[in-house]
Amino acid sequence: QEDVRIALVVKALGIGFFEAAAKGAEEAAAELGNVEIIYTGPTDTTAEGQIEVINALIAQNVDAIAISANDTDALVPALKRAMQRGITVISWDSGVAAEGRQLHLNPSSNPLIGNMIIKLAADQLPDGGEVALLSATTTSTNQNTWIEEMNKVMGDYPGIEVVATVYGDDLADKSYREATGLMQSYPDLDAIIAPTSVGIVAAAQAVVDAGKVGQVNVTGLGLPSEMAGAIESGASKSFAIWNPIDLGYSATMLAYELSQNGVEAAPGAEIPMGRMGTLTLDENTEGAMADPFVYDASNIEEFKSIF
Amino acid sequence: MVSRLIPVREAILAGAILVLLALVASRFAGFVAPANLANVFNDTAPLIILALGQMVVILTRCIDLSVAANLALTGMTVAMINVAMPGLPIPVIIAVAIALGAVMGAINGLLVWKLSIPPIVVTLGTMTIFRGTIFLISDGKWVNAHEMSAAFTGFPRAAFLGLPVLSWAAIATILVFGVMMARTPLGRSIFAVGGNPHAAVYAGIDVGRTQFLAFVISGALAGLTGYLWVARYAVAYVDIAGGFELEVVAACVIGGISIAGGIGSVGGAVLGAIFLGVVKNALPVVDISPFWQLAISGSAILIAVAFNARAGKARGRIILKSTVAPT
Amino acid sequence: MSDSTLQARPETRHVPDRLNSRAFRTLRSWESLLLAVAIAIFIVNSFASPYFLNVWNLSDATFNFTEKAMIAFAMALLIISGEIDLSVASIIALASTAMGLAVQYGAGTPELVVIGLAVGLLCGAFNAVFVTIMGLPSIVVTIGTMSLFRGISYIILGDDAFRGYPASFAWFGQGYIYWVFTVEMLFFVIIALAFGVLLHKTNFGRAVYAIGNNPTGAMFSGIRVQKVKFILFLLTGLMSGAAAVFLTSRLGSTRPSIATGMELEVVTMVVLGGVNILGGSGSIPGVVIAAFVMGLVTFGLGLLNVPGIVMSIFIGLLLIGVIALPRLWTMAANRRRG
Amino acid sequence: MTESGSPVVSMDAITKTFPGVKALDQVRLDLYPGQVTALVGENGAGKSTTVKILTGIYRPDGGTIRIDGNPVDLTTPNDAAASGITAIHQETVLFDELSVAENVFIGHAPRTRLGLIDRAEMHRAAARLLDEIGAPFGTHTPLRELGIANKHLVAIARALSVDARVVIMDEPTAALSHKEIEELYELVETLKAQGKAILFISHKFDEIFRIADRYTVFRDGAFVADGEIADIDENALVKMMVGRAVDHIFPARRPTVAEEVLQVVGYDHPTEFADIGFRLHRGEILGFYGLVGAGRSEFMQSLFGITRPSKGVCKMNGKIRVIRSPADAVANGIVYVPEDRGKQGAIIGLPIFQNITLPSLGRTSRNGFLQLAEEFKLAREYSERLDLRAASLDQDVGNLSGGNQQKVVIAKWLATQPQVIILDEPTKGIDIGSKAAVHEFMAELAAQGLSVIMVSSEIPEVIGMSDRVIVMRDGRIAAELSGDDLRPETLVRHAAGISTPAPQEA
Ligand SMILES: Nc1ncnc2c1ncn2[C@@H]1O[C@H](COP(=O)(O)OP(=O)(O)OP(=O)(O)O)[C@@H](O)[C@H]1O
Ligand SMILES: Nc1ncnc2c1ncn2[C@@H]1O[C@H](COP(=O)(O)OP(=O)(O)OP(=O)(O)O)[C@@H](O)[C@H]1O
Ligand SMILES: [Mg+2]
Ligand SMILES: [Mg+2]
């Protein structure tokens with residue numbers, strides 16, 4: 001019997017987060033038995049790069065594509081063509097507009113994440129204070145959604161003031177410079193929230209270099225392996241992330257269900273995803289996998305070697 | 001009459017930088033505090049070092065588009081070496097970085113010298129090859145801060161006489177280049193080769209060899225910067241410094257280095273780099289959307305090149321003048 | 001042989017029109033070498049992947065080079081004339097942004113196409129003014145406008161995106177003319193023919209070659225050098241505008257980062273096509289074959305799931321190798337001869 | 001070869017081949033200490049190639065060079081300098097962006113103990129050298145600010161900055177004024193007195209007979225003869241050079257007064273020339289004489305539309321024509337054969353036929369589309385008319401010899417069927433044999449009704465060919481001469497601006 005080929009398309013190759021997701025996908029493949037995972041993506045985070053990858057996958061007539069998109073809209077035509085050729089398409093992590101995929105797997109629910117990132121900062125600031133946001137690329141959907149959700153719940157954290165939002169473009173040097181700029185412009189800054197794994201590391205480094213450990217707390221979303229140093233130095237007290245291994249695992253399971261077991265991705269559907277339980281789709285055919293998980297000095301050692 | 005042309009050009013650029021600083025200071029006084037200016041300089045140090053290397057190449061009528069890829073490949077290599085052998089002393093790491101960068105520069109140089117392939121084609125090709133090689137050796141994986149040794153990441157930020165080593169590296173490069181360009185036969189040959197390659201042959205200067213050396217110098221500096229960059233930002237991945245080569249060329253152009261070769265100065269290149277560095281650091285501070293940065297540096301290039309062309313325009317032969325003067 | 005006969009009857013000295021036959025010249029040309037490379041890649045690809053020889057796949061594969069090739073044809077003329085335009089990818093960004101902006105004001109497909117082309121033309125004119133009227137080196141000017149044009153897109157769009165293009169607009173980048181023949185392919189062929197005729201069969205094309213070989217001499221021969229160059233920049237801008245129409249239509253949305261880095265791929269395609277980067281020689285058929293070579297390499301490697309960056313190594317090696325090998329070969333031959 | 005001892009430098013059986021050209025074939029050349037050896041030969045005889053071999057720029061394909069009897073290998077210019085050979089090359093090979101002192105010393109500047117260039121010492125030494133040759137400018141001056149003659153002085157200083165035993169001068173006087181030439185002669189005397197061997201290359205025979213002690217003649221890359229200047233006269237030397245006796249007679253012309261074709265009134269340029277006005281008739285040859293740098297070329301280029309005059313009117317056949325570009329000029333029947341053949345004339349890289357048809361494409365093409373058959377027809381017609389020597393019409397014009405390139409340029413313009421042809425220094429750097437052919441041809445053109453403007457710095461040519469001569473000085477018309485006024489002394493007086501009337505008897 002032929003292997004089922006599921007392509008896990010990521011924003012860019014080489015990012016630790018996605019490497020971990022690929023591990024999860026392999027785990028799912030092993031569990032399913034007859035699945036071959038094609039882990040691929042462009043090397044820079046562009047939509048055009050992903051389109052070329054998708055075209056190549058269409059040409060190979062893979063069974064399913066599970067993509068973390070660099071652009072909500074630009075990938076739609078290419079993915080539509082994939083679906084026309086009978087390929088199952090789902091998005092995960094960073095979504096595609098509804099007409100370009102069958103379902104979208106959110107790592108967590110956006111409101112939960114939005115709340116989590118501000119809560120992480122506020123928990124360290126009982127008397128209130130100034131916080132700033134360091135976002136990722138200007139073209140990624142999820143960052144903006146989370147910041148939006150965060151703003152919705154700001155009322156729950158009196159005394160916390162968001163003084164600025166800057167963009168590090170998911171580049172280490174730019175994020176670093178933006179973080180440094182923040183500390184200069186706002187000498188009383190208490191925390192930098194970076195809901196991006198590149199930005200949070202760069203911001204932590206900038207805080208260490210500026211000698212502001214203890215004054216400015218860096219928090220947000222990051223990878224334990226990359227943030228271990230920041231936790232150790234005290235630049236970051238805590239941060240959160242969902243488990244990318246689980247995410248890759250779930251995406252693979254969902255893709256398999258849709259492509260092999262004839263599961264229909266309709267609003268309200270409940271789709272099994274192995275050890276992660278089931279995914280319930282909302283009216284936009286989106287579903288949330290799980291709550292984000294907080295990492296701090298107490299558990300970082302355990303996780304830093306995993307992803 | 002006496003040619004003070006080049007210093008005038010630099011004075012104007014320096015003036016532009018001062019005006020820029022004054023404008024920023026009027027909105028945010030803290031920007032011109034000495035500590036912050038030192039920060040800006042430190043931040044611009046890699047650009048300064050690379051701009052000096054690029055200057056030498058451009059002076060010999062070539063161009064090196066592979067510097068950023070060279071920087072990234074060297075940076076990744078030394079980072080991986082550091083991970084594999086955390087005990088390796090930093091001087092060895094630096095030597096490896098410079099040597100590796102120089103080897104890549106030499107590849108460019110040899111293709112230009114021995115096969116006379118146009119430099120823009122050579123470095124366009126090696127740019128993609130070097131970048132791709134990073135992916136091959138690293139398998140696309142990042143090298144993160146906690147994997148690097150403390151000595152490795154600590155060196156460029158270690159303070160010495162109040163300035164980080166990174167800044168000192170730029171200052172040292174400026175001084176070495178100041179002496180090299182003005183007072184060594186190599187420096188003067190570089191000007192000669194770019195100014196008039198045909199005549200250089202008659203003066204006993206090997207044009208191809210000089211261009212080769214220029215590429216080696218540029219490569220070595222890219223290698224050095226590769227280590228400093230990776231250590232400073234404490235991360236190495238395939239795409240670091242992506243597109244930085246154009247910023248480096250832009251710094252040279254703004255600094256008055258003629259793309260046609262033979263004209264330019266160390267001071268110009270340094271000021272060009274500092275100009276871009278100030279713009280880049282000032283924008284977030286004065287709360288201009290960072291989205292303006294690209295358009296601003298583009299306009300700066302256009303203004304600079306238009307200005308430099310005007311200043312350097314040939315004045316004709318002025319035959320009539322002699323009729324005015326008593327014969 | 002000719003020497004003695006010429007000496008014998010000097011009064012009827014006759015200079016033949018051509019020394020070598022057309023077939024001989026064709027055989028020895030760069031284009032033939034490149035065609036051989038293309039065929040070799042095609043054969044290797046069909047063995048390397050079972051999915052390669054499939055009309056639909058081959059048709060899909062054309063998308064990854066048709067837009068670049070449209071610009072490459074204009075760029076080839078520009079480079080032959082001794083200039084270069086590095087701002088083409090940024091022109092795409094600006095033209096696409098302008099189209100996106102127009103969509104917000106309810107523009108329909110015909111208006112969008114006009115706007116895309118017009119912005120391209122304007123950007124080309126902007127470059128041309130700096131280069132031909134102010135006499136500045138084009139490489140520097142276009143490095144500047146490369147930042148400026150895309151910078152304007154960033155100022156307009158920031159981190160936003162324009163979407164909501166009319167459904168009929170999708171025809172350009174996603175439509176099919178007949179069976180597997182895409183709309184883009186049709187335009188690729190038309191534009192290739194147009195530029196081929198312009199360069200090889202018209203007075204204008206001859207002027208382009210003359211300028212590329214010796215701009216002063218061309219000027220002294222009564223050619224309006226600056227006017228020709230101005231037109232070439234306009235054409236390059238226009239083609240970038242056209243590419244913006246197709247790319248935007250294909251993506252269905254506009255972000256300021258669209259087409260980043262495409263200028264270098266276009267220049268690579270032109271140089272691979274045998275156009276001398278220093279000006280003076282090159283041909284459109286060469287660029288057409290180079291477009292297919294690059295398309296085949298990327299597509300073939302894509303089928304093997306080779307990451308894009310590794311493909312670029314092959315392109316880089318191809319670029320240097322195709323130029324270096326003949327030279328190395330001549331050098332070796334000279335050495336052997338003594 | 002007896003009394004002067006043994007030669008310092010002796011070249012024997014030297015051969016040098018360029019693709020398609022045997023530039024030197026088994027030549028020999030001996031240079032003796034304290035003597036000036038003149039190397040004479042037609043254009044392309046291989047004189048400059050010999051210089052380049054002696055200075056290590058080219059490597060010979062065969063033969064030996066001996067210095068003091070020992071065979072040497074001069075592979076680089078530095079080897080040559082180390083062997084004590086220095087040269088003033090035919091082209092000025094200097095660096096515009098460097099200072100005068102650096103131009104003099106680049107490649108062998110004095111060093112400090114640290115190995116750095118010793119600037120102070122370099123400027124001191126350069127100042128000494130400049131002083132010696134009477135150069136009127138400082139060592140800090142950037143070269144680009146100097147005129148062509150002063151640049152030549154820098155080249156001479158550079159040659160002298162090497163402590164040489166052999167000094168080579170390849171047409172050193174071509175760009176110099178009368179006074180500077182005199183100073184050069186004195187310099188040569190000094191060098192001779194210091195016991196240096198001097199190789200002197202010149203096309204001017206008066207010069208050769210004035211300063212040379214010995215001669216060597218090359219013809220077509222081969223050695224013909226050498227000996228003592230005292231033993232030979234000018235005619236014999238020319239005969240050896242050309243291989244036949246040449247008595248250059250200018251073609252007889254019968255100028256007829258015909259209708260006016262071109263009238264120029266009040267042409268001005270802000271910096272280069274002022275108040276130029278003249279008339280030109282059908283079938284006339286109008287000479288333009290002046291010292292080098294008088295602004296003739298500048299004016300001609302402005303008439304041809306290259307540079308724009310600030311005022312002035314140009315009338316063709318009585319009608320006012322606005323000429324803003326060469327294209328306008330060609331459209332109005334004015335064409336210009338430039339002085340700088342390689343840069344402004346031929347388009348190297350394009351085949352011969354495309355060079356010829358370039359300005360005539362409007363006629364050979366249909367609706368802007370090329371018609372190759374028509375092009376070849378036109379090109380064939382004119383290349384045959386000019387007796388072009390080439391392998392084929394689709395051969396790159398760059399492969400032709402200089403004289404044949406000049407023919408292509410002339411063919412290009414004749415094919416446009418002009419009314420006025422401007423020839424700027426048509427015989428500059430052309431040897432005696434070809435010169436006569438060019439003169440014949442000019443006369444023929446005029447006889448066919450073409451109006452010719454000939455810019456020339458050679459008095460015999462100007463007097464021999466022109467019906468009328470305009471003398472220019474410092475960008476203005478100094479005189480218009482014809483008939484009996486056309487005498488060498490008058491030309492020189494007007495050109496040099498000597499206001500006292502010439503003595504009637506010399
Ligand atoms: N680099 C070269 N490549 C090809 N041919 C060359 C080259 N240099 C010289 N020649 C050819 O070699 C021959 C000798 O040239 P050379 O310059 O030595 O002549 P010359 O005696 O100095 O003439 P002139 O009086 O015009 O200066 C000519 O036919 C010339 O075309
Ligand atoms: N000082 C100078 N700087 C740069 N180029 C020069 C200079 N003098 C002359 N030239 C160039 O050298 C070439 C020949 O010089 P020449 O002195 O014959 O000038 P010219 O304009 O032809 O003189 P004339 O007007 O007397 O014919 C010309 O192309 C001229 O433009
Ligand atoms: Mg010569
Ligand atoms: Mg002249």
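What you see below is based on every heavy atom in this structure, not just the backbone, and it leaves out hydrogens, waters and symmetry mates. Because the structure is predicted, anything quoted here is derived from the model rather than measured. Throughout, a chain's letter reflects where its sequence line sits, starting with A, and its residues are numbered from 1.
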Flag side-chain contact, heavy atom, 4.5 Å: Leu116(D) against Thr184(B): yes
Heavy-atom closest pair, residues Ala182(B) and Arg119(D): CB-NH2, 3.2 Å
Do the non-hydrogen side-chain atoms of Ile106(D) and Ser189(B) ever get within less than 4.5 Å of each other? no
Among the listed options Gly195(B), Gly187(B), Pro185(B), the residue most often paired with chain D at heavy-atom distances under 4.5 Å: Pro185(B)
Name the option with the most non-hydrogen atom pairs under 4.5 Å to chain B; the candidates are Asp118(D), Leu94(D), Leu98(D). Leu94(D)
Atom pair CZ/CE of Arg188(B) and Met122(D) - distance to nearest 0.5 Å: 7.5 Å
Check whether any side-chain heavy atom of Leu114(D) sits under 4.5 Å from a side-chain heavy atom of Arg183(B), and report yes or no. no
Heavy-atom pair with the smallest gap, counting every atom of Pro77(D) and Tyr202(B): CB-O, 4.0 Å
With rounding to the nearest 0.5 angstrom, report the CD1 to OG1 distance, Ile205(B) to Thr76(D). 12.0 Å
Measuring heavy-atom distances to chain B, does Ile57(D) have an atom under 4.5 Å in its side chain, in its backbone, in both, or in neither? side chain
Applying a strict 4.5 Å limit to non-hydrogen atoms, the region of Thr307(D) in contact with chain B is neither
CZ of Arg144(D) to CD1 of Ile263(B): how many Å apart, nearest 0.5 Å? 7.0 Å
